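For the single chain, residues carry numbers from 1 onward in sequence order. What you see is a predicted model; the values in this text were computed from it and never measured.
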Amino acid sequence: MTLLEGRHQPDADASAGSTQPREEFVYVAPDDARARPLLTDLEREYDARYGDIFGEPASVELSRYPAEEFSAPRGAFVLLLRDGVAVAGGAFKTLDEHTTELKRIWTAAEHRREGLARRVVFELEEESRRRGFTRSYLTTGPRQPEAVRLYLSAHWTPLFDTTEPPERVGIHGFAKSLTDEPLNVEEVRARHDAEQAEFRAHTPEFAARLAAEAAETAAAPAEAVAAAHQATPLASATDSPGASS
């Protein structure tokens with residue numbers, strides 16, 4: 001469904017007499033009151049993970065785009081409601097005539113490790129297809145390893161060297177074909193690299209901090225690096241609190 005406020009029920013067998021919670025995907029405006037917990041929690045999560053490494057608080061990023069970017073026909077903002085309460089959600093905006101960019105992927109803290117973020121990503125992929133787009137793109141940060149694992153496991157193509165430490169990669173780009181046609185990886189990677197070069201040029205604090213962290217990682221014993229990568233994250237591979245920026 002592409003209509004704003006259109007509803008899609010992922011659990012078709014949930015009936016009025018069922019003891020299972022009623023779940024549905026609901027497309028809303030970004031300023032809908034039901035979306036407020038998503039945006040509030042993302043702001044808290046991004047600030048906790050990144051602080052001022054980007055040279056600005058998370059609230060600036062979350063208000064960077066006008067609501068129209070995430071509203072039909074240019075975009076979409078979806079919530080997964082459980083008994084009427086938002087437990088997960090996400091959005092996309094139009095990147096070009098063929099491509100959507102996924103943003104704001106979120107799962108409520110008390111509902112992580114339930115596979116909800118994966119379901120949201122798949123729903124946004126389907127909505128992109130319903131709108132006639134043929135591929136999707138997204139980015140996530142170096143301090144969100146569970147988000148990276150989510151996209152890799154959901155068959156998104158990384159636009160970076162997966163053997164490199166996350167601090168050296170910086171912003172992690174991913175793309176996915178939404179059709180049977182293979183993804184033109186080089187084209188998407190070139191655009192991603194150009195955008196990130198421009199981003200780093202305008203955020204020297206971010207670039208310098210990542211360079212310092214990459215140097216620390218390179219100097220650390222291999223055992224310590226492996227232990228850090230295996231540390232329990234704030235969410236599982238299937239439920240990132242803020243999988244895309």
Side-chain angles (χ1 to χ4, degrees), residues 39-64 90 101-107 109 112-113 117-118 121 137-176 185-186 188-245:
L39 297 172
T40 299
D41 202 29
L42 280 182
E43 181 176 343
R44 177 195 59 78
E45 193 82 47
Y46 288 147
D47 281 336
R49 293 199 183 206
Y50 295 101
D52 60 355
I53 191 173
F54 291 104
E56 59 189 21
S59 58
V60 175
E61 162 58 26
L62 292 173
S63 61
R64 190 179 307 281
E101 180 178 3
L102 270 57
K103 308 282 284 184
R104 318 296 188 243
I105 308 300
W106 164 84
T107 301
R112 291 175 190 165
R113 301 184 183 276
R118 179 184 296 271
V121 169
Y137 164 80
L138 62 86
T139 60
T140 193
R143 295 178 180 174
Q144 292 164 268
E146 71 282 24
V148 172
R149 292 195 296 272
L150 166 61
Y151 295 121
L152 290 174
S153 68
H155 308 296
W156 283 67
T157 299
L159 305 176
F160 56 91
D161 184 348
T162 57
T163 66
E164 290 282 354
E167 299 83 5
R168 188 171 298 164
V169 173
I171 300 300
H172 293 53
F174 289 87
K176 187 174 187 178
V185 178
E186 293 307 316
V188 182
R189 180 183 289 126
R191 171 192 250 171
H192 170 76
D193 290 347
E195 290 180 352
Q196 293 313 307
E198 182 178 356
F199 171 74
R200 286 179 181 247
H202 288 86
T203 54
E205 303 93 341
F206 175 71
R209 181 66 178 271
L210 286 186
E213 291 183 3
E216 291 175 4
T217 300
E223 295 81 0
V225 174
H229 285 175
Q230 292 298 320
T232 302
L234 298 181
S236 73
T238 56
D239 270 324
S240 169
S244 63
S245 57

I need the minimum non-hydrogen distance between L102 and L138, along with the two atoms involved.
O-CB, 3.7 Å
Checking E195 now: which residues fulfil side-chain hydrogen bond (donor to acceptor under 3.5 Å, both in side chains) with it, not counting sequence neighbours?
none
Rounded at 0.5 Å granularity, tell me how far CZ in R189 sits from OH in Y137.
12.0 Å
With E198, which residues qualify under side-chain contact (heavy atoms from CB on, under 4.5 Å), at least two apart?
H202
With R168, which residues qualify under side-chain contact (heavy atoms from CB on, under 4.5 Å), at least two apart?
E164, P165, A214, A218
Does this structure show an ion pair linking E61 with K103, if we count only N-O contacts that are shorter than 4.0 Å?
yes
Could you tell me the separation between the OG1 atom of T162 and the CG atom of L152, rounded to the nearest 0.5 Å?
7.0 Å
List the residues meeting ring pair (Phe, Tyr, Trp, His ring centres under 6.0 Å) with F160, not counting sequence neighbours, and say none if there are none.
H172, F174
Using atom types as modelled and distance alone, determine if a side-chain donor or acceptor of R104 lies under 3.5 Å from a backbone N or O of L39.
no
What I'd like to find out is whether the side chain of V169 reaches to under 4.5 Å of the side chain of P142, using heavy atoms alone.
no
For T163, what residues pass the side-chain hydrogen bond (donor to acceptor under 3.5 Å, both in side chains) criterion, not counting sequence neighbours?
D161
Charged N-O contact under 4.0 Å between R143 and E45
no
I171 side, atom CD1; F199 side, atom CZ - distance, nearest 0.5 Å:
5.0 Å
By side-chain contact (heavy atoms from CB on, under 4.5 Å) - contacts of D47 (at least two apart):
E43, P57, A58
Under-4.0 Å salt bridge between R191 and E101:
no
At their closest point, which heavy atom of A175 faces which heavy atom of V188, and how far apart are they?
CB-CG1, 3.7 Å
CG/D41 to OG1/T107 distance, rounded to the nearest 0.5 angstrom?
9.5 Å
Closest approach of S153 to R118 (non-hydrogen atoms, all atoms of both residues):
OG-NH2, 2.6 Å
side-chain hydrogen bond (donor to acceptor under 3.5 Å, both in side chains) partners for R200, two or more places apart:
none
Value for CD (Q144) from CD1 (I105), rounded to nearest 0.5 Å, stands at 11.5 Å
